[in-house]
Structure formats: C-alpha cells, structure tokens
Amino acid sequence: MSAALETPGLAWLLLTISVAGLVRGFTGFGTAMIFVPIGAQFLPTADVVFLMATTGVFSTAALFPSAWKQADKSEVGALAMAAGITVPIGIWMMMQLDGLVLRWLVSVVIGVTLVVVITGWRWQGKIGWPGRFAIGGAAGTVGGMTGLTGPVVIVFYLANVRDVSRVRANTIVFLAALDVVIVTNLVFGGFAGMETLMVALMLSLPYLITTLIGKALFDPKLEKIYRVASYSVIGLAVLTSLPLFD
C-alpha cells in the first residue's frame, strides 16, 4: 500500500477519475477519454490501460444491472465477441510502440471522436453482422493498445442509434465486457503487478461514488446539457495532456 501511495501524480489521478465517474454515470461513456490522456502523463501505458479497465470493472456494479435490461443484447454481444479476439493484438501493439507515440495516438483518437460527435455526424446506413464484428474488433484493438475502449463504438456504431437511453445502455454493457477481457489479458500476460492493482483499488472508490452520483443525475430530457459538459471536460483533458506542453 505504501508503494501505491507514492504513485506519481496520484492526487491528479484521483481527481481525474472522480470527474470521469460523473461523466460515465450520466452518459455511459467518456471515462477513458478523460482519464487516459491525464494518466499517460504520469504512468506507463500498460499501467494506464490496466487502471482504466480495472476501475471500469468495479464501476460496472453500479450501472450494469439497469443497462442490461435496456441493451440490445445481440448487437452488443457481436461487438464484445469481436473485441475479445482483438484485445491481445492491441496489447501487443502497445508493447511495441514508444510511450510518446502512444500519447499522440491517444490525442488523435480522442480528438477525431470529439470532432465527429460535436459536428453531429450520423451513420445513415444499416450495420449488418460483418460491420458489427469489424467495429467490435477495432474497439478491442484500440482499447488494448491505449485503454480507449469507447471511441470506435461511439463514432462508427452508436452514432446511428436514436434512443439516448438505448445508446447509454449498449455502451455500458459493451464497455463492461471489454474491461473484463482487457484485465484478464493483462493479468495473465504478466503486465499488471500488485502495486498497480492497489492503485486501481484506490481509484475505484471515488470512481464508484461519482458514477453513482452521475447515474442519479441522468435525465434523457437533459441530453444536450450532458453532451456539452462531457465534451468540454474531454476536450480540456486532451489539451492539457498534449506532449507539446511537456
């Protein structure tokens, strides 16, 4: 525990995960896009990915039950199956790339995601089974490589769903499944130690609390307000973490 308390930037990590929990609670996504760019300033990418996935598993207890009832299980299942296959590929790529390169990749992925959702882009066609598997596979690769499990699905899949409650439920269930897959791969691959697990436990409590608060605040009628607030926080996280400002 003493080693975990000496983690570089621990106070910033606790503050960031708390803010991310609020966003996750009322939108169903956004945690990784807030936490990863900040966490990457203090920790190795493998630790950031593990922390992100582990805290996600703990927060699932607060969101999963109600989300499961609303989610489109066949579509989410296809996404999760494909993602589970490609996560190891993403982790392998993470170990091959330099940390600075990964930080730039994180900034680019989040930046593109923000531009797409803010401009109101929508997928006009229908996504069949091949498309679902492709999207899930891409999400697994990017998630395993950077910890950003949500952006691919948000941009290429959820953009064409019209029901905000269904969007939120699908995202929560998919990210929960992907978090479990990533944690399993990192643990059995020897990329996560006890010290990192202790940090994850420390972050999980404030994350769970703020996620519950965000969940209580969720109201489909206030979707626009939630979106503006979420995009602003995500944009601030990216800007303050750009390698240019090191």
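One is the number of the first residue; the rest follow in order along the sequence.
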Partner of Leu43 under side chain to side chain contact (heavy atoms under 4.5 Å, CB included), picked from Ile38, Leu51, Leu10, is Leu51
Rounded at 0.5 Å granularity, tell me how far CG in Leu197 sits from CE in Met202.
12.0 Å
Phe174 versus Asn170: any side-chain heavy-atom pair under 4.5 Å?
no
Taking the side chain as every heavy atom from C-beta outward, state whether Thr31 and Met52 have any atom pair closer than 4.5 Å.
yes
Residues two or more places apart in sequence or in another chain: which of them pass ring pair (Phe, Tyr, Trp, His ring centres under 6.0 Å) with Phe64?
Trp68
Pick out which of Val181, Ile91, Asp47, Thr196 makes a side chain to side chain contact (heavy atoms under 4.5 Å, CB included) with Leu186.
Ile91
Check which hydrophobic residues are tied to Leu212 through side-chain heavy-atom contacts below 4.5 Å, counting indirect links as well, and list them.
Leu208
Looking only at atom types and distance, does a side-chain atom of Thr210 sit under 3.5 Å from a main-chain N or O of Tyr207, one as donor and one as acceptor?
yes
Below 4.5 Å, heavy atoms only, C-beta onward: do Met95 and Phe191 meet side chain to side chain?
yes
Looking only at heavy atoms, what is the nearest atom pair of Ala139 and Leu178, with distance?
O-CD2, 4.1 Å
Indicate yes or no: at least one non-hydrogen side-chain atom of Pro151 is less than 4.5 angstrom from one of Met33.
yes
Let me see the working for Ile17 and Ile34 under side-chain contact (heavy atoms from CB on, under 4.5 Å), right down to the final yes or no.
CA-CA 8 Å; Ile17 200 68; Ile34 294 171; over 6 Å; no
side-chain contact (heavy atoms from CB on, under 4.5 Å) between Val109 and Thr146: does it pass, once the steps are laid out?
CA-CA 10 Å; Val109 170; Thr146 66; 5.8 Å; no
Connected via hydrophobic side-chain network under 4.5 Å: Ile110 and Trp12:
yes
When you look at Ile135 and Val152, which way does the side-chain contact (heavy atoms from CB on, under 4.5 Å) test go after all the steps?
CA-CA 7 Å; Ile135 293 164; Val152 173; 4.2 Å; yes
